[in-house]
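Residue numbering restarts at 1 for every chain, and letters A, B, ... go by the order of the sequence lines.
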There are 4 protein chains.
Amino acid sequence: MTSRTGPRRSESARLAVLNAADDILVERGFAGVTIEAIAARAGVAKQTIYRWWKSKVDILLDTLADDALEALEWKTGAATPEEDLRNHLHQVAEFFQEPAGQVLQALLGQAQLDKEAARKFREGFLQEQHERDLAGLGEILRRHVGHEMGEQATAYLVDLLMGPLYYQILVFGRPVEKDLIPITARLVLDVAAQGQAG
Amino acid sequence: MTSRTGPRRSESARLAVLNAADDILVERGFAGVTIEAIAARAGVAKQTIYRWWKSKVDILLDTLADDALEALEWKTGAATPEEDLRNHLHQVAEFFQEPAGQVLQALLGQAQLDKEAARKFREGFLQEQHERDLAGLGEILRRHVGHEMGEQATAYLVDLLMGPLYYQILVFGRPVEKDLIPITARLVLDVAAQGQAG
Amino acid sequence: MTSRTGPRRSESARLAVLNAADDILVERGFAGVTIEAIAARAGVAKQTIYRWWKSKVDILLDTLADDALEALEWKTGAATPEEDLRNHLHQVAEFFQEPAGQVLQALLGQAQLDKEAARKFREGFLQEQHERDLAGLGEILRRHVGHEMGEQATAYLVDLLMGPLYYQILVFGRPVEKDLIPITARLVLDVAAQGQAG
Amino acid sequence: MTSRTGPRRSESARLAVLNAADDILVERGFAGVTIEAIAARAGVAKQTIYRWWKSKVDILLDTLADDALEALEWKTGAATPEEDLRNHLHQVAEFFQEPAGQVLQALLGQAQLDKEAARKFREGFLQEQHERDLAGLGEILRRHVGHEMGEQATAYLVDLLMGPLYYQILVFGRPVEKDLIPITARLVLDVAAQGQAG
DNA sequence: CACTAAACGAGACGGTACGTCTCGTCTTGTG
DNA sequence: CACAAGACGAGACGTACCGTCTCGTTTAGTG
């Protein structure tokens, strides 16, 4: 038999750590998220944290995996493609106001400061999310222009769609001006229809 | 008499600190930029640093003031408005590869993690830069559409222009795909011409 | 029925633990004797050690029981009482050079630092050894002075005999200067003969 | 000029550390003397301790230097040499009941367990104390036998004098049986007079 | 040309968090 | 049910920086 003897990883400790990290980030900010504080709040030994995670970035990445995937999912049931796009942008903008969205924002910040954190974050989350954005926007555009777009063209359209929103959030820290959303949505559909992006 | 006696602030110490901070950021990353490291590298006492700056963010902000303002200036001498926009986007994209651009990127990162740093950064740099972007893009658009755009409309167009570029740099850490630049430039001019943004 | 079912205590595990403890003490010193190190070296689970011993002091006490009792036994076959005493002192001095003697020395050290260890050590080893010293020296003195000494008088003579040797070993860490042994032996016999110790 | 600039070592921090170490040793035993506990009790940063001492053994050695030297000094004013010896043995026996004596006992214990501690302890304290014992006993014997003893002979007599006392304290943990003291004192004078030790 | 007085280098100080180590207990299969 | 394996809560280890605080030394005016 391959399965080894002895105790297994404690699921309750794992959840306590993820919740503690999340709570501390919201309450005291990223600088307050120390391993000591997480351990104390979670009622867990530091060694238990170091056994399963290499850094606080890894812990926060794990909280994203639990929380963010569904919150950033594409939902395409609206009457028109334009409405679908507007809905998705609103959904993303609102996500950044929630605790899980603050985790995402903090990780985006840390990724600018620490190359290793950036690599993990991109490989462990952003890449996957980008693929889901490609698929989600691709399906909407197929409905709009009547045929499949090229992958590279869709990628540019994702940048045009998401870029202004992230720019406002990351650079100006604003909760996103609502009027920007219909402009961006309209524009992406126009560009797709005119075939400029290919 | 108002002028007091004794030595004045040492300009050589000031420059040594700014250079040391810059060098350490490039060599060892933001986490390596500690006051102790700056003091050691600059051959300066920690107290001298604390006398003139409140934090390492303030130091890095000072280095930006020296380096970034001209690098992010709008130059409008090209043959067409479209070329002007493309040139500016290339200039910004290239700036992020330089040491001073890495300082900007690090401060953008830190701004996601620390509200006080964010406030200082926005009040001390980003706001001013945004005004220059409004003015720069505004002038180009006036040449393109033949009349003055509204301030809010111009602001949206700045978001549409800069957003995709920042999105690629901050979210994906890419050196910016060059094809995105002409697409973005073209699109902003079209939107301006169609008056969608107002 | 008194005899219970299931496996009994593993004798091989017991011996592996005692040998491992002994080896580690000699190789890495008392501080290196950790339960983890013993378990690893003995190929035994920590729980197995804690099941049968309360502390590393108890383990070392067990190794003494196997090794030290015969090494500190009194042998009285020499030509004269004086020679018997000299032989015994040499035997004790040499014992402290051997692995088992290092265990004894370590436990004597630990007894100065930890009252509980001291209690166990004295009740579990030193008391018994002292009784054997009383008996051993008592018999030699009976041969020397021609009659039985009082118990208290013999006890003082044990102190006079062993004290200087232990003083050199424990206080100065010396391998005992050989000339001290005949002096001490001679002196104890003289004191006994003069009846000073009573 | 040789004297350097900047702040000097804080004497109050030094004393707080030594007192804290002493107090904790008495209250909680040697195992309770951790750097963390000393720092907490002394109201001092751990780094301050590590800056000036390499280990808790070094700290305890420093407390001895302040406390033990005078307590183990030879005082020779009594009516007879025998009384001088008895007084000194009583003084030493009582010293081991005091806090500083417990420090000495703990260091003697640690010296059995840790060769580096033993080396420091012997070079930093025991050697010096032994020289003072040689001088102190030497002077008394000169008065007793009427001429100077050889150094080696005096050394053996120190072993004979102090050995039984240390044997009782270190091996049996007893507060020393008082009757042993006059016996030992008498015996050393006799041996010296008979010239056995040479 | 002393005499202030502030800025400087050096670095000790009380703290906090780091990541590692070992403790003694508890949990999980295996023989 | 004893055993090997090893995860767990606990807490000390020694290190790195934090921001504050003395120290002399140096440097610019002022009287």
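Here B:Ala16 pairs with B:Ala42 under the side-chain contact (heavy atoms from CB on, under 4.5 Å) rule; sequence neighbours left out. Remark: D:Arg51 engages no residue in a salt bridge (charged side-chain N to carboxylate O under 4.0 Å, His left out) (not counting sequence neighbours). A:Ala106 is linked by a side-chain contact (heavy atoms from CB on, under 4.5 Å) to A:Leu25, A:Phe30, B:Leu113, counting only residues two or more places apart in sequence or in another chain.
Nearest to the side-chain atoms of A:Pro7 among the listed nucleotides E:dT28, E:dG11, F:dT20 stands E:dT28.
Toward the 5′ end of DNA chain F lies the nearest nucleotide of D:Lys56, the other residue of the pair B:Ser55 and D:Lys56 mapping further downstream.
Remark: C1' of F:dC3 and CG of C:Leu15 are 16 Å apart, rounded to the nearest angstrom. Whole-Å rounding puts the B:Arg41 CZ to F:dC17 P distance at 14 Å. Straight-line distance from the OH atom of B:Tyr50 to the C1' atom of E:dA10: 15 Å, rounded to whole Å. Between the CD1 atom of C:Ile38 and the C1' atom of E:dC23 there is a distance of 13 Å, given to the nearest Å. In this entry the distance linking CG of A:Asp58 with P of E:dC18 reads 14 Å, nearest Å.
By the 4.5 Å heavy-atom criterion applied to side chains, B:Leu69 and B:Phe125 are counted as neighbours.
Listed by first and then second residue, the side chain to side chain donor-acceptor pair (under 3.5 Å) pairs that reach into residues 29-46 of chain A are A:Glu27-A:Arg41, A:Glu36-A:Lys46, sequence neighbours excluded. Every pair passing side chain to side chain donor-acceptor pair (under 3.5 Å) that includes a residue from residues 100-114 of chain C is listed here, sequence neighbours excluded: C:Gln105-D:Gln112, C:Gln112-D:Gln105.
Taking only distance into account, the side chain of D:Thr5 never meets the base of F:dT25 through a donor-acceptor pair shorter than 3.5 Å.
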Tabulate atom names and distances for all N/O pairs under 3.5 angstrom spanning the protein and nucleotides 13-17 of chain E.
unit_1: E:dC13; atom_1: OP1; unit_2: D:Ser10; atom_2: N; d: 2.8
unit_1: E:dC13; atom_1: OP2; unit_2: D:Arg51; atom_2: NE; d: 3.2
unit_1: E:dC13; atom_1: OP2; unit_2: D:Trp52; atom_2: NE1; d: 2.6
unit_1: E:dG14; atom_1: OP2; unit_2: D:Ala45; atom_2: N; d: 3.3
unit_1: E:dG14; atom_1: OP2; unit_2: D:Thr48; atom_2: OG1; d: 2.9

